Amino acid sequence: MVGVTGGEALAADYKKNPFTLTYEGAITKNEPGKVNIHPVKYKLNGLDIAANVYTPANFDPKKKYPTVVVAHPNGGVKEQVAGLYAQRLAETGYITITADAAYQGGSGGQPRNVDKPVHRIEDIHGMADFITQYGGVDKDRLGVLGICGGGGYTLAAVQSDKRFKSIATLSMFNSGRVRRNGFADSLLNTIQDRLQQASAARAQEAAGGPVLYSGDADMTDAQIAALPFEMYRQGYEYYWKTHAHPGSTFKYTTSSLLDLMRFDATSQIELIDKPLLMIAGSKADSLYMTEDAFVRASGTRDKELFKIDGATHIETYWVPKYVDIAMGKLTSFYAKTL
(Lines give C-alpha, C1' and ligand atoms only; values in the text may rest on other atoms or scores of the structure.)
Protein backbone atom coordinates (compact mmCIF):
# COMPACT_ATOMS: atom_id res chain seq x y z
CA MET A 1 0.00 0.00 0.00
CA VAL A 2 1.22 3.46 -0.76
CA GLY A 3 2.10 5.27 2.46
CA VAL A 4 -0.55 7.69 3.66
CA THR A 5 0.62 11.18 4.50
CA GLY A 6 -0.58 12.97 7.60
CA GLY A 7 -2.55 15.43 5.47
CA GLU A 8 -4.29 12.65 3.60
CA ALA A 9 -5.09 10.74 6.80
CA LEU A 10 -6.62 13.94 8.17
CA ALA A 11 -8.66 14.50 5.01
CA ALA A 12 -9.94 10.93 5.26
CA ASP A 13 -11.15 11.17 8.90
CA TYR A 14 -14.95 10.92 8.98
CA LYS A 15 -15.04 12.59 12.42
CA LYS A 16 -13.67 15.81 10.95
CA ASN A 17 -16.27 16.01 8.17
CA PRO A 18 -19.81 17.27 8.91
CA PHE A 19 -21.21 14.76 6.38
CA THR A 20 -18.87 12.00 7.74
CA LEU A 21 -17.24 11.73 4.30
CA THR A 22 -13.93 9.84 4.39
CA TYR A 23 -12.30 10.74 1.07
CA GLU A 24 -9.68 13.33 0.22
CA GLY A 25 -11.11 16.59 -1.11
CA ALA A 26 -14.57 15.89 0.33
CA ILE A 27 -17.15 18.68 0.64
CA THR A 28 -17.13 20.21 4.13
CA LYS A 29 -19.90 22.74 3.61
CA ASN A 30 -22.44 23.67 0.98
CA GLU A 31 -21.62 26.99 -0.69
CA PRO A 32 -23.47 28.89 -3.42
CA GLY A 33 -22.04 28.35 -6.89
CA LYS A 34 -20.22 25.13 -5.92
CA VAL A 35 -20.95 21.41 -5.90
CA ASN A 36 -23.35 20.74 -3.01
CA ILE A 37 -24.27 17.57 -1.11
CA HIS A 38 -27.83 16.81 -0.01
CA PRO A 39 -28.39 13.97 2.49
CA VAL A 40 -31.80 12.42 1.70
CA LYS A 41 -33.95 9.55 2.95
CA TYR A 42 -36.56 7.62 1.01
CA LYS A 43 -38.56 4.43 1.37
CA LEU A 44 -37.75 1.26 -0.55
CA ASN A 45 -39.89 -1.81 0.14
CA GLY A 46 -40.80 -0.39 3.54
CA LEU A 47 -37.22 0.37 4.60
CA ASP A 48 -35.62 3.79 5.11
CA ILE A 49 -32.76 4.26 2.65
CA ALA A 50 -30.05 6.82 3.47
CA ALA A 51 -28.52 8.49 0.43
CA ASN A 52 -26.48 11.51 -0.64
CA VAL A 53 -27.38 13.53 -3.73
CA TYR A 54 -24.62 15.70 -5.23
CA THR A 55 -25.60 18.65 -7.42
CA PRO A 56 -23.24 20.49 -9.79
CA ALA A 57 -21.96 24.05 -9.40
CA ASN A 58 -24.59 26.74 -10.01
CA PHE A 59 -27.29 24.05 -9.94
CA ASP A 60 -30.70 25.21 -11.15
CA PRO A 61 -33.55 22.72 -10.58
CA LYS A 62 -35.45 24.27 -13.50
CA LYS A 63 -32.73 23.09 -15.91
CA LYS A 64 -32.14 19.47 -16.96
CA TYR A 65 -28.93 17.65 -16.06
CA PRO A 66 -27.52 14.24 -17.00
CA THR A 67 -27.50 12.05 -13.91
CA VAL A 68 -25.47 9.10 -12.63
CA VAL A 69 -26.43 6.53 -9.97
CA VAL A 70 -23.38 5.23 -8.05
CA ALA A 71 -23.47 1.78 -6.35
CA HIS A 72 -20.97 1.24 -3.52
CA PRO A 73 -18.64 -1.72 -2.90
CA ASN A 74 -19.41 -4.70 -0.68
CA GLY A 75 -19.07 -3.61 2.93
CA GLY A 76 -18.64 0.00 1.86
CA VAL A 77 -20.89 2.98 2.50
CA LYS A 78 -21.83 6.07 0.53
CA GLU A 79 -19.27 8.20 2.38
CA GLN A 80 -16.25 6.32 0.99
CA VAL A 81 -15.21 5.64 -2.63
CA ALA A 82 -18.80 5.88 -3.95
CA GLY A 83 -18.99 9.41 -2.55
CA LEU A 84 -15.62 10.32 -4.04
CA TYR A 85 -16.71 9.35 -7.56
CA ALA A 86 -20.19 10.87 -7.07
CA GLN A 87 -18.60 14.19 -6.04
CA ARG A 88 -16.06 14.12 -8.86
CA LEU A 89 -18.82 13.45 -11.43
CA ALA A 90 -20.87 16.32 -9.97
CA GLU A 91 -17.81 18.55 -10.45
CA THR A 92 -18.07 17.81 -14.18
CA GLY A 93 -21.77 18.72 -14.38
CA TYR A 94 -23.73 15.61 -13.39
CA ILE A 95 -26.34 15.17 -10.69
CA THR A 96 -25.31 12.02 -8.80
CA ILE A 97 -26.77 9.83 -6.08
CA THR A 98 -25.18 7.17 -3.90
CA ALA A 99 -27.15 5.29 -1.26
CA ASP A 100 -26.31 2.86 1.51
CA ALA A 101 -27.54 -0.63 0.68
CA ALA A 102 -30.65 -1.81 2.51
CA TYR A 103 -29.72 -3.50 5.82
CA GLN A 104 -26.34 -1.74 5.71
CA GLY A 105 -24.73 1.56 6.70
CA GLY A 106 -27.26 4.28 7.48
CA SER A 107 -30.16 2.46 5.82
CA GLY A 108 -32.81 0.46 7.69
CA GLY A 109 -33.42 -3.27 7.87
CA GLN A 110 -33.01 -6.05 10.44
CA PRO A 111 -30.98 -8.08 11.07
CA ARG A 112 -28.08 -5.81 10.24
CA ASN A 113 -25.76 -6.56 7.35
CA VAL A 114 -27.96 -8.94 5.45
CA ASP A 115 -26.18 -9.08 2.08
CA LYS A 116 -28.48 -10.64 -0.49
CA PRO A 117 -28.14 -9.97 -4.22
CA VAL A 118 -31.90 -9.39 -4.60
CA HIS A 119 -31.62 -6.47 -2.16
CA ARG A 120 -28.45 -5.01 -3.65
CA ILE A 121 -29.99 -5.11 -7.14
CA GLU A 122 -33.20 -3.57 -5.81
CA ASP A 123 -31.09 -0.79 -4.21
CA ILE A 124 -29.95 0.24 -7.71
CA HIS A 125 -33.52 0.24 -9.06
CA GLY A 126 -34.53 2.24 -5.96
CA MET A 127 -31.87 4.92 -6.53
CA ALA A 128 -33.21 5.29 -10.08
CA ASP A 129 -36.78 5.54 -8.74
CA PHE A 130 -35.83 8.33 -6.35
CA ILE A 131 -33.42 10.37 -8.47
CA THR A 132 -35.64 10.42 -11.59
CA GLN A 133 -38.22 12.36 -9.51
CA TYR A 134 -35.59 14.85 -8.28
CA GLY A 135 -35.70 18.43 -9.56
CA GLY A 136 -33.30 19.06 -12.45
CA VAL A 137 -32.78 15.41 -13.40
CA ASP A 138 -33.07 14.52 -17.08
CA LYS A 139 -34.49 11.02 -16.76
CA ASP A 140 -33.69 10.36 -20.42
CA ARG A 141 -29.97 10.81 -19.63
CA LEU A 142 -29.54 8.42 -16.71
CA GLY A 143 -26.28 6.52 -16.29
CA VAL A 144 -24.90 4.21 -13.62
CA LEU A 145 -21.49 3.53 -12.11
CA GLY A 146 -21.03 0.37 -10.07
CA ILE A 147 -17.90 0.01 -7.95
CA CYS A 148 -16.51 -3.36 -6.78
CA GLY A 149 -19.47 -5.46 -5.53
CA GLY A 150 -21.75 -2.62 -6.62
CA GLY A 151 -20.35 -3.19 -10.11
CA GLY A 152 -21.44 -6.82 -10.16
CA TYR A 153 -24.92 -5.90 -8.92
CA THR A 154 -25.08 -3.10 -11.49
CA LEU A 155 -24.43 -5.62 -14.28
CA ALA A 156 -27.40 -7.61 -12.95
CA ALA A 157 -29.71 -4.60 -12.47
CA VAL A 158 -29.22 -3.12 -15.94
CA GLN A 159 -30.00 -6.38 -17.70
CA SER A 160 -33.68 -5.54 -17.21
CA ASP A 161 -33.77 -1.89 -16.06
CA LYS A 162 -33.70 0.00 -19.35
CA ARG A 163 -33.96 3.40 -17.66
CA PHE A 164 -30.16 3.29 -17.57
CA LYS A 165 -28.82 4.49 -20.92
CA SER A 166 -25.15 4.06 -20.09
CA ILE A 167 -23.33 1.58 -17.81
CA ALA A 168 -19.88 1.75 -16.24
CA THR A 169 -18.13 -0.42 -13.68
CA LEU A 170 -14.94 0.22 -11.71
CA SER A 171 -12.96 -2.70 -10.27
CA MET A 172 -16.00 -4.96 -10.72
CA PHE A 173 -16.35 -7.75 -8.16
CA ASN A 174 -18.64 -10.70 -8.90
CA SER A 175 -19.81 -11.37 -5.34
CA GLY A 176 -21.64 -14.60 -6.12
CA ARG A 177 -18.69 -16.16 -7.89
CA VAL A 178 -16.31 -15.28 -5.04
CA ARG A 179 -18.66 -16.38 -2.24
CA ARG A 180 -19.26 -19.64 -4.13
CA ASN A 181 -15.81 -20.46 -5.52
CA GLY A 182 -13.49 -18.40 -3.31
CA PHE A 183 -11.31 -15.53 -4.49
CA ALA A 184 -9.46 -16.55 -7.66
CA ASP A 185 -11.59 -19.73 -7.55
CA SER A 186 -9.47 -20.97 -4.61
CA LEU A 187 -12.21 -22.76 -2.59
CA LEU A 188 -13.88 -24.98 -5.17
CA ASN A 189 -13.42 -28.08 -3.00
CA THR A 190 -15.38 -26.67 -0.02
CA ILE A 191 -18.53 -25.38 -1.74
CA GLN A 192 -20.87 -28.05 -0.35
CA ASP A 193 -19.46 -27.72 3.17
CA ARG A 194 -19.98 -23.95 3.12
CA LEU A 195 -23.53 -24.36 1.81
CA GLN A 196 -24.20 -26.71 4.74
CA GLN A 197 -22.92 -24.03 7.16
CA ALA A 198 -25.11 -21.37 5.53
CA SER A 199 -28.14 -23.67 5.72
CA ALA A 200 -27.46 -24.35 9.41
CA ALA A 201 -27.17 -20.60 10.05
CA ARG A 202 -30.54 -20.01 8.41
CA ALA A 203 -32.11 -22.82 10.46
CA GLN A 204 -30.68 -21.27 13.65
CA GLU A 205 -32.16 -17.86 12.73
CA ALA A 206 -35.53 -19.40 11.90
CA ALA A 207 -35.58 -21.12 15.31
CA GLY A 208 -35.04 -17.78 17.06
CA GLY A 209 -31.36 -18.35 17.80
CA PRO A 210 -28.53 -15.83 17.41
CA VAL A 211 -27.71 -14.49 13.94
CA LEU A 212 -24.38 -15.81 12.70
CA TYR A 213 -22.00 -13.61 10.70
CA SER A 214 -19.24 -14.27 8.18
CA GLY A 215 -16.54 -12.17 6.57
CA ASP A 216 -15.52 -9.94 9.46
CA ALA A 217 -12.55 -10.40 11.73
CA ASP A 218 -10.51 -8.19 14.01
CA MET A 219 -7.14 -8.87 12.48
CA THR A 220 -3.69 -7.84 13.62
CA ASP A 221 -1.34 -6.11 11.20
CA ALA A 222 0.60 -9.37 10.93
CA GLN A 223 -2.54 -11.32 10.07
CA ILE A 224 -3.51 -8.75 7.44
CA ALA A 225 -0.02 -8.89 5.93
CA ALA A 226 -0.33 -12.68 5.71
CA LEU A 227 -3.58 -12.63 3.70
CA PRO A 228 -3.04 -14.38 0.36
CA PHE A 229 -4.68 -11.75 -1.85
CA GLU A 230 -3.55 -8.15 -2.30
CA MET A 231 -7.13 -6.92 -2.69
CA TYR A 232 -7.93 -8.16 0.83
CA ARG A 233 -4.68 -6.83 2.34
CA GLN A 234 -5.23 -3.38 0.85
CA GLY A 235 -8.94 -3.61 1.57
CA TYR A 236 -8.32 -3.96 5.30
CA GLU A 237 -5.98 -0.99 5.13
CA TYR A 238 -8.59 1.12 3.29
CA TYR A 239 -11.69 0.13 5.26
CA TRP A 240 -10.15 -0.18 8.73
CA LYS A 241 -7.51 2.54 8.70
CA THR A 242 -7.18 5.21 6.03
CA HIS A 243 -10.87 5.54 5.04
CA ALA A 244 -12.66 3.90 7.97
CA HIS A 245 -16.33 4.72 8.61
CA PRO A 246 -18.50 3.36 11.44
CA GLY A 247 -21.19 2.23 8.97
CA SER A 248 -18.72 0.18 6.92
CA THR A 249 -18.03 -3.49 7.69
CA PHE A 250 -16.99 -6.65 5.88
CA LYS A 251 -19.37 -8.78 7.95
CA TYR A 252 -22.60 -10.18 6.54
CA THR A 253 -25.14 -12.69 7.82
CA THR A 254 -23.94 -16.23 7.14
CA SER A 255 -27.45 -17.12 5.96
CA SER A 256 -27.00 -14.58 3.13
CA LEU A 257 -24.70 -17.15 1.54
CA LEU A 258 -27.76 -19.22 0.54
CA ASP A 259 -28.56 -16.42 -1.90
CA LEU A 260 -25.02 -15.24 -2.66
CA MET A 261 -23.63 -18.64 -3.58
CA ARG A 262 -26.25 -19.24 -6.27
CA PHE A 263 -25.89 -15.74 -7.73
CA ASP A 264 -23.61 -14.77 -10.59
CA ALA A 265 -23.25 -11.24 -11.99
CA THR A 266 -22.72 -12.61 -15.50
CA SER A 267 -25.84 -14.76 -15.62
CA GLN A 268 -28.04 -13.30 -18.44
CA ILE A 269 -25.44 -10.54 -19.03
CA GLU A 270 -26.21 -10.77 -22.78
CA LEU A 271 -29.42 -8.83 -21.98
CA ILE A 272 -27.31 -5.67 -21.60
CA ASP A 273 -27.78 -3.76 -24.87
CA LYS A 274 -26.50 -0.31 -23.83
CA PRO A 275 -23.02 1.26 -23.96
CA LEU A 276 -20.77 -0.50 -21.42
CA LEU A 277 -17.44 0.70 -20.03
CA MET A 278 -15.55 -1.59 -17.63
CA ILE A 279 -12.55 -0.07 -15.83
CA ALA A 280 -10.07 -2.02 -13.73
CA GLY A 281 -6.48 -1.80 -12.57
CA SER A 282 -3.97 -3.69 -14.71
CA LYS A 283 -2.37 -5.07 -11.52
CA ALA A 284 -5.66 -5.90 -9.74
CA ASP A 285 -5.87 -9.52 -8.64
CA SER A 286 -9.63 -9.16 -9.17
CA LEU A 287 -9.13 -8.27 -12.86
CA TYR A 288 -10.19 -11.76 -13.98
CA MET A 289 -13.80 -10.94 -12.97
CA THR A 290 -13.98 -7.85 -15.19
CA GLU A 291 -12.33 -9.66 -18.10
CA ASP A 292 -14.72 -12.60 -17.84
CA ALA A 293 -17.83 -10.39 -17.64
CA PHE A 294 -16.64 -8.22 -20.52
CA VAL A 295 -16.31 -11.21 -22.87
CA ARG A 296 -19.74 -12.52 -21.86
CA ALA A 297 -21.48 -9.16 -22.42
CA SER A 298 -22.31 -10.08 -26.00
CA GLY A 299 -25.56 -8.10 -26.31
CA THR A 300 -23.98 -4.66 -26.67
CA ARG A 301 -21.94 -3.52 -29.65
CA ASP A 302 -20.61 -0.49 -27.78
CA LYS A 303 -18.34 -1.83 -25.07
CA GLU A 304 -14.84 -1.11 -23.83
CA LEU A 305 -12.52 -2.68 -21.27
CA PHE A 306 -10.12 -0.02 -19.98
CA LYS A 307 -7.20 -0.98 -17.75
CA ILE A 308 -5.54 1.61 -15.52
CA ASP A 309 -1.86 0.85 -15.92
CA GLY A 310 -0.17 -0.13 -12.65
CA ALA A 311 -3.25 0.12 -10.41
CA THR A 312 -4.46 -2.56 -8.00
CA HIS A 313 -8.15 -3.00 -7.11
CA ILE A 314 -8.20 -0.85 -3.95
CA GLU A 315 -5.83 1.78 -5.41
CA THR A 316 -8.57 2.77 -7.89
CA TYR A 317 -10.59 3.88 -4.81
CA TRP A 318 -8.27 6.61 -3.62
CA VAL A 319 -4.83 7.01 -5.24
CA PRO A 320 -5.18 10.45 -6.86
CA LYS A 321 -3.45 9.65 -10.18
CA TYR A 322 -5.54 6.50 -10.69
CA VAL A 323 -8.77 8.23 -9.69
CA ASP A 324 -7.94 11.00 -12.19
CA ILE A 325 -7.40 8.45 -14.98
CA ALA A 326 -10.68 6.67 -14.16
CA MET A 327 -12.53 10.00 -14.01
CA GLY A 328 -11.12 11.09 -17.38
CA LYS A 329 -12.39 7.87 -18.93
CA LEU A 330 -15.79 8.07 -17.19
CA THR A 331 -16.48 11.69 -18.12
CA SER A 332 -15.66 11.15 -21.80
CA PHE A 333 -17.78 7.98 -21.81
CA TYR A 334 -20.82 9.61 -20.19
CA ALA A 335 -20.44 12.74 -22.35
CA LYS A 336 -20.66 10.51 -25.43
CA THR A 337 -23.42 8.15 -24.22
CA LEU A 338 -25.74 10.34 -22.10
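Please read these numbers as outputs of a predicted model, since none were measured by experiment.
- Taking the six-membered ring for Trp, Y239 and F250 have ring centres closer than 6.0 Å.
- Taking the six-membered ring for Trp and the full ring otherwise, F263 and Y153 have centroids separated by under 6.0 Å.
- Note: L89 CG to T331 OG1 = 7.5 Å, rounded to the nearest 0.5 Å.
- Here the side chains of T96 and Y85 are not in contact, with every heavy-atom distance at 4.5 Å or above.
- The closest side-chain donor-acceptor pair between H245 and T22, if any, does not fall under 3.5 angstrom.
- The pair D138-K63 does not meet the salt-bridge criterion, since no charged nitrogen lies less than 4.0 angstrom from a carboxylate oxygen.
- Ionic pairing of K162 and D273 is present here: one or more N-O contacts between side-chain nitrogen and carboxylate oxygen are shorter than 4.0 angstrom.
- Taken together through direct or relayed side-chain contacts under 4.5 Å among Ile, Leu, Val, Met, Phe, Trp and Tyr, Y238 and W240 form part of one hydrophobic cluster.
- Looking only at side-chain heavy atoms (C-beta outward), T312 and D285 stay at 4.5 Å or farther from each other.
- Summarising the local packing, NZ of K303 is surrounded by more than 12 heavy atoms from other residues, nucleotides or ligands at distances under 6.0 Å.
- K34 NZ: 12 or fewer foreign heavy atoms inside a 6.0 Å radius.
- Taking the centre of each ring, Y23 and Y317 stay at or above the 6.0 Å mark.
- In this structure, H119 and Y103 have parallel ring planes: the angle between them is below the 30° cut-off, well short of the 60° mark.
- Between R163 and D129 there is a salt bridge, since at least one side-chain N of the basic residue sits less than 4.0 Å from a carboxylate O of the acidic one.
- Looking only at atom types and distance, the side chain of T55 has a donor-acceptor partner in the side chain of H38 under 3.5 Å away.
- Figure legend: K241 and Y236 shown without cation-pi pairing, the cationic atom not lying both under 6.0 angstrom from the six-membered ring centre and within 45 degrees of its axis.
- In summary, the side chains of R194 and T190 do present a donor paired with an acceptor at a separation below 3.5 Å, with no hydrogens or angles considered.
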